[in-house]
Amino acid sequence: MSPRFALLSLCLLLAACNDRLNQENYSRLKPGMTRPEVEQLLGKPVECSGALGFSSCTWGDQQKFISIQFGGDKVLLFSGQGLR
């Protein structure tokens, strides 16, 4: 695979994932949802970190994102910015 094709594929993939970051999907998030349910709605997170059964995951970038805190495998808190 050429580097150009790989870069184009990555850009298209990121754009498709970013389409899921909207106000409509944000309003579907509910405390108690499981991580697989969230990933079905938003796709795979850009990054996650955590310890001792708690984790924080982010979808998007600095301008447009959804951040979710999980306890075990369940949504505890969530926030978003730049959603339309």
Side-chain angles (χ1 to χ4, degrees):
M1 178 185 311
S2 75
R4 257 182 154 169
F5 182 75
L7 182 60
L8 178 60
S9 297
L10 179 62
C11 289
L12 290 173
L13 178 63
L14 290 174
C17 292
N18 213 7
D19 286 345
R20 293 180 173 193
L21 298 180
N22 56 52
Q23 190 62 46
E24 181 179 343
N25 283 344
Y26 182 82
S27 67
R28 291 180 178 159
L29 294 172
K30 304 287 181 233
M33 288 178 76
T34 65
R35 187 167 171 165
E37 290 173 325
V38 171
E39 289 183 358
Q40 184 176 17
L41 182 64
L42 301 177
K44 295 286 183 190
V46 173
E47 73 174 293
C48 286
S49 62
L52 302 173
F54 294 93
S55 62
S56 178
C57 297
T58 303
W59 287 257
D61 56 35
Q62 290 181 349
Q63 286 76 38
K64 182 179 180 180
F65 68 84
I66 294 175
S67 178
I68 301 177
Q69 289 68 49
F70 294 93
D73 193 33
K74 306 270 184 177
V75 173
L76 295 175
L77 304 167
F78 52 93
S79 62
Q81 179 176 306
L83 306 173
R84 295 179 186 188

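Here the structure is a predicted model, which is why all the values come from computation and not from measurement.
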Can you give each donor-acceptor pair under 3.5 Å made by side-chain atoms of residues 25-33, sequence neighbours left out, with the distance rounded to 0.1 Å?
| residue | atom | partner | partner atom | Å |
| --- | --- | --- | --- | --- |
| N25 | OD1 | R28 | NH1 | 3.1 |
| N25 | ND2 | R20 | O | 2.9 |
| S27 | OG | Q23 | O | 3.4 |
| S27 | OG | E24 | O | 2.7 |
| R28 | NH2 | E24 | OE2 | 2.7 |
| K30 | NZ | S27 | O | 2.9 |

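Residue pairs meeting the disulfide bond (SG atoms under 2.5 Å apart) criterion with at least one member in residues 49-84, sequence neighbours excluded, are C48-C57. Pairs of residues two or more places apart, or lying in two chains, never qualify as salt bridge (charged side-chain N to carboxylate O under 4.0 Å, His left out) while including a residue from residues 65-84.
The two residues K64 and G82 have their closest heavy-atom pair at CG-O, 3.6 Å.
In this structure, the side chain to side chain donor-acceptor pair (under 3.5 Å) partners of E37, at least two apart in sequence or on a different chain, are T34. Applying the ring pair (Phe, Tyr, Trp, His ring centres under 6.0 Å) criterion to F54, with sequence neighbours excluded, gives no partner residue. By the side chain to side chain donor-acceptor pair (under 3.5 Å) test, S79 pairs with no residue at all, sequence neighbours left out. For E39, the side chain to side chain contact (heavy atoms under 4.5 Å, CB included) test picks out R35, K44, P45, W59, with sequence neighbours left out.
The CG atom of D19 sits 12.5 Å away from the CG atom of L42 when rounded to the nearest 0.5 Å. Going from atom CD of E47 over to atom OG of S55 covers 12.0 Å, rounded to the nearest 0.5 Å.
One hydrophobic cluster, built from ILVMFWY side chains closer than 4.5 Å, cannot hold both F65 and L41; they sit in different ones.
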Exercise. Walk me through it: do F70 and V38 pass the test side-chain contact (heavy atoms from CB on, under 4.5 Å)?
Key: CA-CA 11 Å; F70 294 93; V38 171; 4.2 Å; yes
